[in-house]
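In what follows, a single structure is set out as structure tokens and then discussed.
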Amino acid sequence: MSILGAILGATGSGKTELAILLAQKLGAEIICMDSRQLYKGFRIGTAQPTAEELSAVPHHLVDFLPPERQYNAAEFAKGVKDLLAQKPSAKFILVGGTGLYMQALCQGLNPLPPVNPEIRERLKKHYENKEQKELYSDALKADPSIEGKIKQGDTQRLLRILELSTLNSQLSTPPNSQLKRVGGIGSVPSVWLDFPRDELYKRINERVVKMQKSGWVEEVAGLSKTVPANAPAWQSLGYLELKTALEKNEDPLSITEGVALRTRHYAKRQITWFKHKENPICIDGKTAKSKETIERISHSFQ
RNA sequence: GGCUCUGUAGCUCAGUUGGUAGAGCAACGGACUGAAAAUCCGUGUGUCAGCGGUUCAACCCCGCUUGGAGCCA
């Protein structure tokens with residue numbers, strides 16, 4: 001097994017910097033486990049590693065995906081496994097905050113057919129102007145095991161269930177409820193970069209401002225010219241707000257507070273996920289880059 | 001100086017013909033199996049500006065004090 005461990009933490013907790021120090025010390029390469037940093041050209045707003053950082057240590061799965069491409073947890077897991085197979089003697093460190101991707105990689109996924117965009121689109125259209133209840137009752141019929149697990153308002157998951165049931169009946173695979181996870185590489189040692197809540201929020205607020213000062217606006221202006229408006233990459237926090245502000249000729253700084261707010265909400269979701277799904281060693285974010293801490297983490301990664 | 005409006009949750013504000021109060025946002029907690037920076041779910045945290053009066057009972061009515069806003073001088 002060539003994955004030494006994972007650096008986890010909420011957005012803005014300083015994972016990137018720590019990972020580089022650690023990778024240099026351990027002679028490892030970095031795998032970005034981030035559903036947004038993988039989009040090509042979406043650099044500043046997603047806090048991709050800088051050019052300097054990228055050249056300091058070999059990085060994978062970052063800044064490579066065409067913005068109009070949809071990606072998913074299964075592709076990520078496959079991408080990592082392919083990489084491990086290609087470089088059997090290399091050592092890797094996982095770095096990122098996308099919990100679902102880590103789960104898919106380590107624990108595996110149900111052996112289901114790949115996402116089918118046509119069916120998904122059709123279902124979406126079909127339920128667009130209907131009552132929420134109808135979507136729920138149809139999904140419940142398709143897979144009774146979702147009762148109590150998926151809520152009525154959770155459009156995204158309900159559509160997924162219906163998409164699966166459509167595929168299942170076409171491909172006669174077993175119903176969702178009976179499937180088991182397969183293909184996981186098993187759990188890896190992980191550390192969580194911890195901050196008191198108010199400090200983390202302060203870091204997030206400041207980072208949004210910093211992004212705007214360091215070329216994010218120009219980045220979005222450029223991307224707007226080449227990337228179609230419906231490209232999945234635009235879903236990255238703040239990009240759509242910024243793009244719209246530019247189109248409407250509004251002050252790009254008017255979005256700052258809203259973006260910071262949504263980023264804080266996102267950070268909270270990450271905290272909840274990793275606290276409950278993974279069992280990382282908690283380290284103090286403030287002293288994470290100290291010699292002692294690096295030493296300690298290296299040790300647990302061996 | 002005079003007149004009018006105003007003070008209720010962290011913020012913006014509802015409200016009770018008098019029976020100690022509730023929305024949105026924030027905040028906090030939670031879920032998560034191929035969109036996850038996504039998508040959802042739950043929780044009210046309060047000297048109702050202060051002091052006194054009327055009343056069985058005041059956030060509500062009355063008086064004074066105090067903070068804020070506006071108009072007239």
Side-chain angles (χ1 to χ4, degrees), chain A residues 9-13 15 32-39 42 44-48 65 68-79 96-117 119-121 123-124 132 135-136 139 143 145-146 148-161 163-164 167-168 173 175-184 197-198 200-201 204-205 207-208 211 230-242 257-278:
Chain A
T11 185
S13 57
K15 297 183 290 293
C32 283
M33 185 172 65
D34 188 299
S35 69
R36 297 291 121 193
Q37 293 182 353
L38 42 80
Y39 282 112
F42 286 64
I44 296 168
T46 67
Q48 279 183 10
L65 192 70
E68 54 282 349
R69 274 236 16 230
Q70 186 69 252
Y71 202 69
N72 59 51
E75 279 190 77
F76 171 77
K78 183 174 183 306
T98 304
L100 181 69
Y101 283 12
M102 181 158 180
Q103 191 183 53
L105 174 66
C106 298
Q107 295 174 37
L109 282 163
N110 295 336
L112 292 166
V115 177
N116 185 309
I119 293 177
R120 179 169 292 183
E121 203 45 46
L123 287 166
K124 214 165 156 182
Q132 198 62 248
L135 170 60
Y136 181 72
D143 185 351
S145 74
I146 66 168
K149 284 188 189 164
I150 302 180
K151 295 271 166 46
Q152 220 182 82
D154 198 344
T155 314
Q156 187 164 301
R157 287 199 178 79
L158 294 173
L159 284 172
R160 167 80 184 139
I161 293 297
E163 180 194 344
L164 278 177
L167 285 164
N168 280 343
T173 50
N176 191 30
S177 53
Q178 292 171 19
L179 294 169
K180 296 238 165 64
R181 290 177 183 282
V182 295
R197 190 66 62 86
D198 54 346
L200 177 68
Y201 284 0
I204 289 171
N205 298 342
R207 191 169 71 158
V208 176
M211 283 172 173
N230 61 355
W234 286 119
Q235 219 176 47
S236 313
L237 260 171
Y239 273 90
L240 219 49
E241 287 98 320
L242 196 44
E257 232 170 282
V259 173
L261 172 67
R262 298 214 295 125
T263 308
R264 278 180 259 136
H265 288 169
Y266 165 52
K268 168 59 179 80
R269 273 178 270 138
Q270 289 179 302
I271 293 169
T272 302
W273 176 287
F274 285 108
K275 196 168 76 186
H276 294 267
K277 302 272 187 189
E278 305 291 335

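This one's a predicted model, so the numbers in the text were calculated from it and none came from an experiment. Hydrogens, waters and symmetry mates are skipped; everything else that's a heavy atom, side chains included, is used. In what follows, chains are A, B, ... by sequence order, proteins preceding strands, each numbered from 1.
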With a 4.5 Å cut-off on side-chain heavy atoms, are A:Arg36 and A:Gln235 touching?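 Result yes, sub-4.5 Å side-chain heavy-atom pair found.
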
State which of [options] makes the closest approach to the side chain of [X].
X        : options             : result
A:Lys268 : B:G34, B:G30, B:A38 : B:G30
A:Arg264 : B:G34, B:C32, B:A26 : B:A26
A:Leu100 : B:U33, B:A38, B:G30 : B:U33
A:Leu261 : B:A37, B:C40, B:A26 : B:A26
A:Arg181 : B:A38, B:C32, B:U33 : B:U33

OP1 or OP2 of [N] under 4.0 Å from side-chain N/O of [X]:
X        : N     : answer
A:Arg157 : B:A31 : no
A:Arg269 : B:U39 : no
A:Thr272 : B:G30 : yes
A:Tyr201 : B:C28 : yes
A:Thr98  : B:A37 : yes
A:Arg36  : B:A38 : no

Give A:Gly183 one of three labels, base, sugar-phosphate or nothing, depending on what nucleic acid heavy atoms sit under 4.0 Å from its own.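 Nothing, no heavy atom under 4.0 Å.
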
Around atom CD of A:Gln132, are there more than 12 heavy atoms of other residues, nucleotides or ligands at under 6.0 Å?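 Enclosed.
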
Say we look at B:A58 and B:U43: how far apart would their P atoms be, to the nearest angstrom?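 My reading of the P atoms in B:A58 and B:U43 gives 32 Å.
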
A:Thr11 and A:Arg207 side chains, donor-acceptor separation under 3.5 Å: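 Distance-only check passes for A:Arg207 and A:Thr11.
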
Could you give me the stems involving RNA chain B, meaning stretches of three or more consecutive Watson-Crick or G-U wobble pairs whose two defining distances are both below 3.5 Å?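 The stems are B:1-7 with B:66-72, B:10-13 with B:22-25, B:27-31 with B:39-43, B:49-53 with B:61-65.
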
Ring pair (Phe, Tyr, Trp, His ring centres under 6.0 Å) partners for A:Trp234, two or more places apart: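 Applying ring pair (Phe, Tyr, Trp, His ring centres under 6.0 Å) to A:Trp234 gives A:Phe42.
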
Donor/acceptor link under 3.5 angstrom from A:Gln156 side chain onto base of B:A38: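 By the distance-only test, yes, there is a pair.
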
